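Working notes, structure below.
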Amino acid sequence: MSKGLLFSQMAPPADLREDFDDWYDSEHIPQRMAIPGFSHALRYRQDAEPWHLACYFLDDMAALDTPEYDDLKKNPPERTARILERVDGFTRYITDQISDTSPELASDATGTDHTLYVVAFSVPDEDRAEFDGWYEDEHVPLLMKVPGWLRVRRFLVRPGFAGHPWTHLALHEIANPAVLDAPERAAARDTPRRDALAAKPWFTSGRWVYEPFSISHSTSKGN
């Protein structure tokens, strides 16, 4: 079994938000949590657009190849199709987990108590080895020394996404947004190896700071 993440952002208009929240909590998430292999789902929000983020964590990516999931994708309920037609800023990425600073923890150990700092990169093939080496061998270890930096999980984006062509996502779980201003974090970003990568035109990344507000767990007997 391999772990992974479904990552989806969107911004429903103000007049749709009540229906949107009810749909997400009563239909959209429960339909997926009933499929073996899905672990849990976290919903997040931020002040900027796209204000809503849903992260579906999977303990077994084979769940995406099941008839149950295929039916959800090919035959969405009428309400799902109607709501998704009206949202803005929609993204959807299927990703495979490539590292976790806390593999001994349950996948939902940090739950709804901590801020999520998301960083996304579009890394060219010729730079991926150096990028991955820097992130794993230098950047993440330095960040984990920052007070309040709790966990880092990195994911590789599969082809067939909706949104900007990111290749890598990193979910940084931190105690609160103030952690981003810690001097230790500034030091983690001030190294020759990072500077060399930052000089490349693709290094400009997507960055979002989200606060969690709900969590749903698997209802499948297979988990």
Side-chain angles (χ1 to χ4, degrees), residues 1-97 107-108 110-116 118 120 153 155 157-166 169 171 173 206 208-223:
M1 295 192 297
S2 60
K3 293 186 177 183
L5 166 73
L6 291 182
F7 179 98
S8 183
Q9 299 159 300
M10 61 189 77
D15 67 308
L16 187 65
R17 287 196 179 184
E18 183 175 349
D19 192 24
F20 176 82
D21 282 333
D22 179 74
W23 162 71
Y24 235 106
D25 289 335
S26 66
E27 295 183 24
H28 198 61
I29 288 178
Q31 289 166 350
R32 284 148 181 78
M33 292 300 100
I35 298 174
F38 278 81
S39 168
H40 64 288
L42 275 157
R43 295 180 64 200
Y44 299 86
R45 57 188 164 208
Q46 64 173 359
D47 292 334
E49 301 293 357
W51 73 267
H52 183 269
L53 167 65
C55 288
Y56 302 87
F57 293 92
L58 292 96
D59 288 331
D60 186 358
M61 291 293 281
L64 304 182
D65 299 321
T66 61
E68 295 87 349
Y69 186 74
D70 186 60
D71 185 59
L72 282 179
K73 298 307 299 177
K74 291 181 178 178
N75 303 294
E78 182 278 332
R79 191 182 187 191
T80 296
R82 172 171 52 83
I83 287 177
L84 290 181
E85 284 180 355
R86 294 197 58 201
V87 301
D88 296 319
F90 178 80
T91 70
R92 181 176 180 273
Y93 300 94
I94 297 175
T95 74
D96 295 286
Q97 183 173 296
S107 57
D108 62 345
T110 41
T112 59
D113 297 331
H114 306 109
T115 298
L116 185 72
V118 182
R153 279 178 279 187
F155 300 87
V157 177
R158 292 185 181 184
F161 48 80
H164 189 87
W166 306 122
L169 293 177
L171 303 189
E173 297 174 52
W208 305 272
V209 181
Y210 283 100
E211 295 297 335
F213 65 95
S214 73
I215 187 169
S216 303
H217 290 88
S218 170
T219 58
S220 167
K221 294 181 181 179
N223 277 348

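All figures in this text were calculated on a predicted structure; none of them were measured in a lab.
- Here the side chains of Lys3 and Phe57 are not in contact, with every heavy-atom distance at 4.5 Å or above.
- The closest side-chain heavy-atom distance from Ile35 to Leu72 is below 4.5 Å.
- Seen from the ring of Phe213, Arg43 does not count as a face-on cation partner, given the 6.0 Å and 45° thresholds.
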Could you walk me through whether Val87 and Gln9 pass the side chain to side chain contact (heavy atoms under 4.5 Å, CB included) test, one step at a time?
-> CA-CA 10 Å; Val87 301; Gln9 299 159 300; over 6 Å; no
Check the pair Asp21 / Arg45 against salt bridge (charged side-chain N to carboxylate O under 4.0 Å, His left out), numbers first and verdict last.
-> CA-CA 12 Å; Asp21 282 333; Arg45 57 188 164 208; over 6 Å; no
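- Between Gln97 atom CD and Leu171 atom CG the span is 9.0 Å, to the nearest 0.5 Å.
- Taking the side chain as every heavy atom from C-beta outward, Asp96 and Arg158 approach each other to under 4.5 Å.
- For Arg17 and Trp51, the positive end sits near the middle of the six-membered ring, less than 6.0 Å away and at most 45° from its axis.
- Distance check, rounded to the nearest 0.5 Å: OG of Ser220 to CG of Asp59 gives 11.0 Å.
- Ring centroid separation for the pair His52 and Tyr210 does not come in under the 6.0 Å cut-off.
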Give every donor-acceptor pair under 3.5 Å between a side-chain atom in residues 26-34 and any protein atom, sequence neighbours left out.
| residue | atom | partner | partner atom | Å |
| --- | --- | --- | --- | --- |
| Ser26 | OG | Asp22 | O | 2.5 |
| Glu27 | OE2 | Arg79 | NH1 | 2.8 |
| His28 | ND1 | Arg32 | NH1 | 3.4 |
| Arg32 | NH1 | His28 | O | 3.1 |

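- At a threshold of 4.5 Å between non-hydrogen side-chain atoms, the residues Thr95 and Leu6 do not count as touching.
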Mind running side chain to side chain contact (heavy atoms under 4.5 Å, CB included) on Met61 and Ile94 for me, showing each step along the way?
-> CA-CA 9 Å; Met61 291 293 281; Ile94 297 175; 3.8 Å; yes
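- In this structure, Asp15 CG and Phe20 CZ are separated by 13.0 Å, a value rounded to the nearest 0.5 Å.
- Heavy-atom neighbours of Asp47 CG from other residues, nucleotides or ligands within 6.0 Å: at or below the threshold of 12.
- Side-chain contact check for Arg82 versus Asp19: some heavy-atom pair is nearer than 4.5 Å.
- Side-chain contact between Leu64 and Leu58: present, with at least one pair of heavy atoms (C-beta onward) separated by less than 4.5 Å.
- In plain terms, the two heavy atoms of Ser218 and Phe38 that are nearest each other are CB-O, 3.2 Å.
- Using a distance-only test at 3.5 Å, with no hydrogens or angles considered, no donor-acceptor pair links the side chain of Ser8 to the main chain of Ala54.
- Residues Tyr44 and Cys55 come closest through the heavy atom pair CE1-SG, 4.0 Å.
- No side-chain heavy atom of Asp65 sits under 4.5 Å from any side-chain heavy atom of Asp70.
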Quick one: do Thr91 and Phe161 satisfy side chain to side chain contact (heavy atoms under 4.5 Å, CB included)? Show the steps, please.
-> CA-CA 8 Å; Thr91 70; Phe161 48 80; over 6 Å; no
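- Side chain of Gln46 to main chain of Pro50: a donor-acceptor pair is present (N/O by atom type, distance under 3.5 Å, no hydrogens or angles).
- Within the model, atoms CG of Leu53 and CG of Leu42 stand 9.0 Å from one another, a figure rounded to the nearest 0.5 Å.
- Checked against a 6.0 Å centroid threshold, the rings of His40 and Tyr56 do not count as neighbours.
- You'll find the side chain of Met10 reaches within 4.5 Å of the side chain of Leu84, heavy atoms only.
- For Glu18, the CD atom is loosely surrounded, since the number of other residues' heavy atoms within 6.0 Å does not exceed 12.
- Minimum interatomic distance between Tyr93 and Gly163 (heavy atoms only, all atoms of both residues): OH-C, 3.4 Å.
- The side-chain tip of Arg92 does not point at the ring of Phe7 from less than 6.0 angstrom away and within 45° of straight on.
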